[in-house]
Amino acid sequence: MQAIKHEASVVSGTESKTVEQTLPARTASKRRFPSLESADTSPAVRLLVPAIKTVVPPLLGLALLVLVWAVVAKSRGGLPGPLSTWESAKLLFADPFYRNGPNDQGVGWNILNSLGRVGIGFGLAALVGIPAGFILGRFAFVSAMFAPVISLLRPVSPLAWLPIGLLVFKAASPASIWVIFISSVWPMILNTAAGVRAVPQDYLNVARVLRLSEFKVFTTILFPSVLPHVLTGVRLSIGVAWLVIVAAEMLTGGVGIGFWVWDEWNNLNVEHIIIAIFIVGLVGLLLEQVLILLARRFSFGQGV
Amino acid sequence: MEKFVELQGVGKSFDSRKGRFVALRDVNLTIRQGEFVSLIGHSGCGKSTVLNIVAGLYDPDAGIALCGGREIDGPGPERAVVFQNHSLLPWLTCYGNIYLAVEKVFGQRENKAQLKARCEAALALVNLSHASDKYPHEVSGGMKQRVGIARALAMEPKVLLMDEPFGALDALTRANLQDELVKIVEATQATVVMVTHDVDEAVLLSDRIVMMTNGPAATVGEILEVALPRPRERLALANDSAYHGYRSAVLEFLYQKHLRPAA
């Protein structure tokens, strides 16, 4: 996230002012490297220095992770080190989309299957959660009515819902979709409702003075005003959904990244488990970044 | 000139956690068409409450509020409000914010080109034609407030209501906007009610200054006619003895007769 903003300020000098306003961290990072700052005279240096500052710290962090991993792998027998994992990954990604029967498919298929389940479960949750959030935010009575229900159900561990899903749907895949749905619906309900309650009275006064119709109030004031909150809810929900899918699939089986991890554990192919951890992390990171970009597009200078 | 806005025995209370708070009691005020009236008083004296009653955002508990001979029943575009914190919608451009108002008021009678012309004229009036496509967060505080004024004026209101319109701005920007407002008001002959706590602003802009007593249960204390000739010029007035006379009359009311205790 920081990296994107830094690059934006480098590429377009004219926009750097607005970029800085949204990012106090930029000035903070300047202070941390005072020695590099004084040397910028030529334009090339002025472009390079911030780029280095952006790229070097994350790379150092990742290098440290690999180092710790290598040391731990060296001292403990069973854990494969970075090198053998890398070799295994090269083989694995050489053919990610093979099919050898229902229980032996390429890692690509497993990821896509998991994403599909998350997509359906999360999509249903959005379909239910966002409108529900609007209603809860708009009507204090409904909100008071459902507050105890939500407080009761929200802290339940997602996997506790799995048996209910299996019982009702009598199949593994709908049951894991159900688990995704029930665990990712809460952040969207709560954030949307909070967003509706936080619509500034001034905007509503503008609507009253103009005597805007209910429909116009919704489209021009309520919806754009609540949208950043909705997107925050969506981001949290996607995060939860992606967290939960691995665990759900481990229990239900079928094709999916969670099942794949469990299957490789049974095969004692630990390299593949480590690769799976990286894949899960990477996909989660990508989902998060896409939603952060979306949220920034619709924040209208209000800060996200 | 005819009576245009009329408040007769208006009272207003609010329910707070500490019980009922009487903000206004027995407020009587008449505003003529084309008149510029300022409401001045210490903070918490209910001057904004008076404005909100005229706007229709609050209902009075007692008395009657009339505009154009009819009882005020809820807010409406004929009583446009310039809010203290500009209240521009952040997801609309400066132009878009004005268009929203213009479309609502004139959309049924006029075509798109006419509506567009109205928005452009309103932006030109406050010297912001160049910022038409900017979003509110991309322009300065003074510019936002000018867009707020343009939005209100574009509705061609019968009364323009301004709630401390320049309160959040720095002194120099405020002076510039006051000068602009003087010109706009003289050009459009608008009826204006402005809430302020700035004595110079009140004397410079107003035909009459309504000085309010301290709350709770605030009411109109004195009304000062400002008979300075128009057009008014800030620099010329700086050495004008009449101007200073009005200024000290307001100051005397605020700081001798109604000094806010322990505030």
Nearest heavy-atom contact between B:Ser87 and A:Asp202 is OG-CB, 3.1 Å
Note to self: So for atom CG, which belongs to B:Asp73, do other residues, nucleotides or ligands contribute more than 12 heavy atoms lying within a distance under 6.0 Å?
What the structure shows: no
Applying a strict 4.5 Å limit to non-hydrogen atoms, the region of B:Gln84 in contact with chain A is neither
Worksheet item: Which is it for A:Asn205 and B:Val81 under the side-chain contact (heavy atoms from CB on, under 4.5 Å) test, yes or no, and what are the steps along the way?
Response: CA-CA 9 Å; A:Asn205 278 343; B:Val81 185; over 6 Å; no
Would the number of heavy atoms belonging to other residues, nucleotides or ligands and lying under 6.0 Å from CD of A:Glu214 be above 12?
no
**Message:** Between A:Arg211 and B:Pro75, is there a side-chain heavy-atom distance shorter than 4.5 Å?
**Reply:** no
**Asked** Would one find more than 12 heavy atoms of other residues, nucleotides or ligands at under 6.0 Å from atom CZ of B:Arg208?
**Response** yes
Going through the distances and angles, do B:Leu88 and A:Tyr203 end up as a side-chain contact (heavy atoms from CB on, under 4.5 Å)? CA-CA 8 Å; B:Leu88 300 178; A:Tyr203 299 164; over 6 Å; no
For side-chain contact (heavy atoms from CB on, under 4.5 Å), just list the numbers for B:Met155 and A:Leu210, CA-CA rounded to whole Å, side-chain angles, deciding distance to a tenth of an Å, and then say yes or no. CA-CA 9 Å; B:Met155 292 147 68; A:Leu210 288 174; 3.6 Å; yes
Minimum side-chain heavy-atom gap A:Arg208-B:Leu57 below 4.5 Å: yes
Taking a cut-off of under 4.5 angstrom between non-hydrogen atoms, the residues of residues 99-110 of chain B near chain A are B:Leu100, B:Ala101, B:Glu103, B:Lys104
How about B:Arg20: does its CZ atom have over 12 heavy atoms from other parts shown lying under 6.0 Å from it?
yes
Pair B:Trp91-A:Leu227, side-chain contact (heavy atoms from CB on, under 4.5 Å): steps then yes or no = CA-CA 11 Å; B:Trp91 42 88; A:Leu227 194 56; over 6 Å; no
Heaviest contributor of heavy-atom pairs below 4.5 Å to chain B, chosen from A:Thr220, A:Val209, A:Leu212, is A:Val209
